[in-house]
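Numbers here are sequence positions counted from 1. These numbers come from the heavy atoms of this one structure, side chains and all, not from hydrogens, waters or symmetry mates.
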Amino acid sequence: MNRRAALKQLSALTALSVLGGAAQAQKAGQPFQTLATKVPTEVAGKIEVIEFFSYGCPHCNDFEPLLNNWTKTLPADVNFVKVPITFNRPEWTNLARIYYTLEAMGESAKLGPAVFAAIHEQKRQLQKEDVLLEWAGSVTDSKRFSDTWKSFGVQSRVQRSNQIAAAYRVSGVPMMAVDGRFIVSASTAGSHEGMLKTVNELVARARSEKGKS
């Protein structure tokens, strides 16, 4: 499925999830939830794993080093995607724009930890544009950052991230999704380590099911 078709289907699923009430179920003692309707994934033939996060979330900040080590071990058949959430709050929307700006510049992996550090250790209010642009000038090409930050492409990516979060009915972060069908959080899995363990198990399950289809 190409990206345009996936986005169209995702928009329809978003509307259904809003109108259709409960969209997920969890069995007692089960460390994950299963979506009632599968969300389309982007790369055919690969198992998609999403991390929903925000630079402003202290739990995401704590989880980031563990996640970064985990992503280094991912097999070739897994497509890992980070999706910043906004919860339709202006300040969180600006933080999501930071991620997509850095991604468009090819610097999200390099500078993502610096964003977390600036917010949680240095207490900089990067959700404020003037503070952000001053900070950006100290770590990268300030003009390129500013132009990308204001671009239509970044705005479109943020809108799309809202659609994805709505389809998965994200209510808190960090949260992870596997194969468009399963969602896992620290609260369901017991810890950040438990969340990654469960994701690994769901990836193996998805791989096995794809092999049988």
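Considering only heavy atoms from C-beta on, Pro174 comes within 4.5 Å of Met195 through its side chain. Side-chain contact check for Val178 versus Val203: some heavy-atom pair is nearer than 4.5 Å. Annotation: side chain of Val154 is in contact with side chain of Thr148 (closest heavy-atom distance under 4.5 Å). Between Ile50 and Phe80 there is no side-chain heavy-atom pair separated by less than 4.5 Å. The shortest distance between side-chain heavy atoms of Leu67 and Lys82 falls below 4.5 Å. Contact check for Arg207 versus Ile47: side-chain heavy atoms found under the 4.5 Å cut-off. Inter-residue side-chain proximity for Glu107 and Thr140 is flagged as met; some heavy-atom pair is nearer than 4.5 Å. The shortest distance between side-chain heavy atoms of Ile164 and Val39 does not fall below 4.5 Å.
The backbone N or O of Thr41 sits nowhere less than 3.5 Å from a side-chain atom of Lys46 that would complete a donor-acceptor pair. Of the possible donor and acceptor atoms, one in the side chain of Thr101 sits under 3.5 Å from a partner among the backbone N and O of Arg97. Side-chain N or O atoms of Gln125 include none that pairs as donor or acceptor with a backbone N or O of Gln127 at under 3.5 Å. Here the side chain of Thr71 pairs a donor or acceptor atom with the backbone of Asn68 at under 3.5 angstrom. A side-chain donor-acceptor contact under 3.5 Å links Ser156 to the backbone of Phe152. Looking at Ser146, its side chain never comes within 3.5 Å of a backbone N or O of Lys143 through a donor-acceptor pair.
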Any chance you could lay out the side-chain contact (heavy atoms from CB on, under 4.5 Å) test for Val173 and His59, step after step, and finish with the verdict? CA-CA 7 Å; Val173 288; His59 302 296; over 6 Å; no

Candidate pair Val43 and Glu48, rule side-chain contact (heavy atoms from CB on, under 4.5 Å), full reasoning: CA-CA 8 Å; Val43 181; Glu48 184 173 271; 5.8 Å; no

Under the side-chain contact (heavy atoms from CB on, under 4.5 Å) rule, what do Phe182 and Leu35 come out as? Steps first, then yes or no, please. CA-CA 6 Å; Phe182 310 109; Leu35 297 176; over 6 Å; no

As a quick check of understanding, evaluate side-chain contact (heavy atoms from CB on, under 4.5 Å) for Asn79 and Val49, giving each step before the final call. CA-CA 6 Å; Asn79 178 46; Val49 175; over 6 Å; no

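The shortest non-hydrogen separation linking Ser185 to Met175 is CB-CG, 4.3 Å. What you find for Leu95 and Leu126 is that their closest heavy atoms are CD2-C, 4.3 Å. Here the shortest heavy-atom pairing between Asp141 and Met105 reads O-CE, 4.4 Å. When all heavy atoms of Ala189 and Thr198 are compared, the pair lying nearest together is CB-OG1, 3.9 Å. Across all non-hydrogen atoms, the minimal contact from Phe52 to Ala165 is CE2-CA, 4.0 Å. Ala96 approaches Thr86 most closely through the heavy-atom pair CB-CG2, 3.9 Å.
Remark: Glu91 does not engage Lys128 in a salt bridge, criterion side-chain N to carboxylate O under 4.0 Å. Taking 4.0 Å as the cut-off between side-chain N and carboxylate O, Arg181 and Glu209 count as a salt-bridged pair. The pair Lys210-Asp179 counts as a salt bridge, with a side-chain nitrogen and a carboxylate oxygen less than 4.0 angstrom apart.
Here Glu134 contributes atom CD and Ser138 contributes atom OG; the two are 8.0 Å apart, rounded to the nearest 0.5 Å. Considering SG of Cys57 and CG of Asp62, their distance stands at 8.0 Å, rounded to 0.5 Å. Here Trp70 contributes atom CH2 and Glu51 contributes atom CD; the two are 9.0 Å apart, rounded to the nearest 0.5 Å. Put simply, CD1 on Ile98 and CD on Glu103 are 14.0 Å apart, with the number rounded to the nearest 0.5 Å. One distance of note links CD1 of Ile183 with OG of Ser171; it measures 7.0 Å at 0.5 Å rounding. Note that CG of Asn162 and CD1 of Ile85 are 9.0 Å apart. Values are rounded to the nearest 0.5 Å.
Within the structure, ring-ring contact (aromatic ring centres under 6.0 Å, His included) contacts touching residues 90-149 (residues at least two apart or in different chains) are Phe53-Tyr99, Tyr55-Phe116, Phe87-Trp92.
Side-chain polar atoms of Gln33 and Thr188 form no donor-acceptor pair below 3.5 angstrom.
In this pair, His192 and Phe63 present their aromatic rings tilted. The plane angle is within the 30 to 60° band.
Every residue meeting the salt bridge (Lys or Arg N to Asp or Glu O under 4.0 Å) condition with Glu201, not counting sequence neighbours, appears here in chain and number order: Lys197.
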